[in-house]
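One structure is given below, encoded as structure tokens.
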Amino acid sequence: MVTLDAPYIAGFLAFREVPSLVEAVKRLQEKDSSLMPQVLFVDGNGVLHHRGFGVACHLGILTGLPTIGVAKNLLQVDGLENNESHRGQAKELQMGGDFFYLKGTSGNVLGAALKSSQKSVKPVYISVGHKISLEAAVKLVHSCCKYRVPEPTRQADIRSREFCVKTTNEKQKPQD
DNA sequence: GCGACAG
DNA sequence: ATCTTGTCGC
């Protein structure tokens with residue numbers, strides 16, 4: 001259980017969430033270091049960011065672990081935007097695993113839009129966080145997708161919500 | 001003032 | 001992120 005104190009501001013997600021994420025990794029290290037993952041999927045961006053340093057990069061630096069940013073929406077940066085052209089490209093993705101690079105106005109490849117599962121229409125936005133190539137990141141994410149959101153992230157989402165409901169009910173349960 | 005806005 | 005309505009497939 002953690003408490004968030006910073007508000008959500010687009011572009012500053014790391015300042016809100018990274019302390020809790022680092023704490024989670026630290027707790028796992030102490031509880032059973034043999035379970036330490038070789039790579040972390042982060043719900044947010046890596047270098048696909050206004051200042052080239054999203055929450056996935058922060059977490060990678062602070063933990064020393066390889067990280068991959070997997071965002072569910074395109075953060076509009078360096079000329080990239082979810083416009084008609086972009087949606088057209090996304091529409092051309094055929095099979096799960098198909099992707100296209102996200103090249104900004106600067107000429108830099110900041111990430112990739114991946115059709116992560118066969119059924120998904122909307123791509124996920126993959127970007128390098130730390131100590132991994134974009135190509136490896138795209139392959140790894142695709143290999144973990146049964147649905148649109150990679151299973152590790154999806155399970156974390158589902159189970160954390162369950163935990164919140166459970167603890168809320170626990171608090172409000174009348175005492176005998 | 002207007003548009004954009006990871007989660 | 002959260003909420004809500006409706007549709008479709010298993």
Side-chain angles (χ1 to χ4, degrees), chain A residues 1-25 39-63 65-87 89-90 96 99-106 108-130 132 134 137-138 140-142 144-169:
Chain A
M1 179 64 143
V2 298
T3 302
L4 300 178
D5 37 44
Y8 169 68
I9 300 171
F12 297 87
L13 181 62
F15 295 92
R16 172 176 167 83
E17 302 196 348
V18 100
S20 303
L21 298 175
V22 171
E23 179 64 22
V25 173
V39 60
L40 301 176
F41 286 1
V42 182
D43 198 346
N45 293 299
V47 299
L48 177 52
H49 182 267
H50 299 93
R51 287 160 293 286
F53 207 76
V55 63
C57 300
H58 283 247
L59 186 62
I61 292 293
L62 294 174
T63 61
L65 290 169
T67 60
I68 302 171
V70 185
K72 299 182 291 296
N73 292 96
L74 177 63
L75 182 60
Q76 312 205 164
V77 49
D78 193 16
L80 294 170
E81 56 176 323
N82 185 14
N83 53 22
E84 195 54 50
S85 164
H86 176 81
R87 289 192 293 274
Q89 286 187 82
F99 70 94
F100 60 89
Y101 288 112
L102 297 166
K103 189 175 185 175
T105 305
S106 66
N108 297 322
V109 173
L110 301 179
L114 168 72
K115 180 177 167 99
S116 55
S117 71
Q118 189 64 264
K119 284 186 180 180
S120 60
V121 176
K122 186 175 177 177
V124 289
Y125 298 95
I126 312 299
S127 58
V128 167
H130 192 55
I132 193 166
L134 179 56
V138 166
L140 190 55
V141 169
H142 175 233
C144 291
C145 286
K146 180 171 183 180
Y147 304 105
R148 179 175 175 247
V149 174
E151 208 56 22
T153 303
R154 190 169 161 272
Q155 287 301 318
D157 224 73
I158 292 170
R159 296 180 192 198
S160 62
R161 280 173 212 291
E162 249 169 36
F163 175 84
C164 289
V165 170
K166 199 170 77 178
T167 55
T168 299
N169 291 341

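Order of the sequence lines fixes the chain letters, A, B, ..., with proteins taken first and strands second; residue numbering starts at 1 for each chain. Quick caveat, the model's predicted, so the values are computed rather than measured.
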In dot-bracket form, how is DNA chain B paired, counting a Watson-Crick or G-U wobble pair only if both its distances are under 3.5 Å and using | for bases paired to another strand? .......

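Taking only side-chain nitrogens and oxygens, A:Tyr8 comes nearer than 4.0 Å to OP1 or OP2 of B:dA6. Residue A:Lys72 places none of its side-chain N or O atoms closer than 4.0 Å to OP1 or OP2 of B:dA6.
Between the CG atom of A:Leu114 and the C1' atom of B:dA6 there is a distance of 17 Å, rounded to whole Å. One interatomic measurement links the two molecules: CZ of A:Arg16 to C1' of C:dA1, which rounds to 9 Å at whole-angstrom precision. As a whole-Å value, the separation of A:Asp157 CG from B:dG7 P is 10 Å. Distance CD (A:Glu81) to C1' (B:dG3): 11 Å, rounded to an integer number of Å. Rounded to a whole Å, the CG atom of A:Leu21 is 11 Å from the C1' atom of B:dG7. Rounding to whole angstrom units, CG of residue A:Leu74 and C1' of B:dA4 are separated by 12 Å. Between the CD1 atom of A:Ile158 and the P atom of C:dA1 there is a distance of 12 Å, given to the nearest Å. When rounded to the nearest whole Å, the span between CG of A:Asn73 and C1' of C:dA1 equals 10 Å.
Within the model, atoms NE2 of A:His58 and CZ of A:Phe15 stand 5.0 Å from one another, a figure rounded to the nearest 0.5 Å.
A donor-acceptor pair under 3.5 Å is absent between the side-chain atoms of A:Asn45 and the main chain of A:Gly54, judged by distance alone. Proximity of a side-chain donor or acceptor of A:Ser127 to a complementary backbone N or O of A:Leu110 within less than 3.5 Å is not detected. Within the 3.5 Å criterion, the main-chain N or O of A:Ser120 finds a donor-acceptor partner in the side chain of A:Lys115. Within the 3.5 Å criterion, the main-chain N or O of A:Gly11 finds a donor-acceptor partner in the side chain of A:His49.
The side-chain contact (heavy atoms from CB on, under 4.5 Å) check on A:Gln89 picks up A:Ser85, A:Phe100, with sequence neighbours excluded. Looking at residues two or more places apart in sequence or on another chain, you find a side-chain contact (heavy atoms from CB on, under 4.5 Å) between A:Leu114 and A:Phe99, A:Ser116, A:Val124, A:Ile126, A:Val138, A:Val141, A:His142.
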Run the side-chain contact (heavy atoms from CB on, under 4.5 Å) test on A:Arg87 and A:Asn82 for me, step by step, so that the C-alpha distance in whole Å, both residues' side-chain angles and the decisive distance to 0.1 Å come before the verdict. CA-CA 7 Å; A:Arg87 289 192 293 274; A:Asn82 185 14; 3.3 Å; yes

Stepwise, does the side-chain contact (heavy atoms from CB on, under 4.5 Å) test hold for A:Leu21 with A:Val55? CA-CA 10 Å; A:Leu21 298 175; A:Val55 63; 4.2 Å; yes

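A donor-acceptor pair shorter than 3.5 Å cannot be found between the side chains of A:Thr153 and A:Asp43.
A salt bridge does not link A:Glu162 with A:Arg159: none of the charged nitrogens is closer than 4.0 Å to a carboxylate oxygen.
For the strand DNA chain C, secondary-structure stems (runs of at least three Watson-Crick or G-U pairs, all distances below 3.5 Å) are absent.
Within 4.0 Å (heavy atoms only), A:Phe12 reaches at least one base atom of the nucleic acid. Within 4.0 Å of A:Gly11, counting heavy atoms only, lies at least one base atom of the nucleic acid.
Near DNA chain B, meaning a heavy atom under 4.0 Å from it, residues 45-59 of chain A has A:Asn45, A:His49, A:Gly54, A:Val55 in order of number.
Of the candidates A:Ile9, A:Asp5, A:Leu4, A:Pro7 forms a side chain to side chain contact (heavy atoms under 4.5 Å, CB included) with just one, namely A:Ile9.
Within the 4.5 Å cutoff, the side chain of A:His86 has heavy atoms near those of the A:Leu102 side chain. Side-chain contact between A:Val47 and A:Asn108: absent, with no pair of heavy atoms (C-beta onward) separated by less than 4.5 Å.
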All N/O pairs under 3.5 Å across the protein-nucleotides 2-9 of chain C interface:
residue	atom	partner	partner atom	Å
C:dT2	OP1	A:Arg161	NH1	3.4
C:dT2	OP2	A:Arg161	NH1	3.1

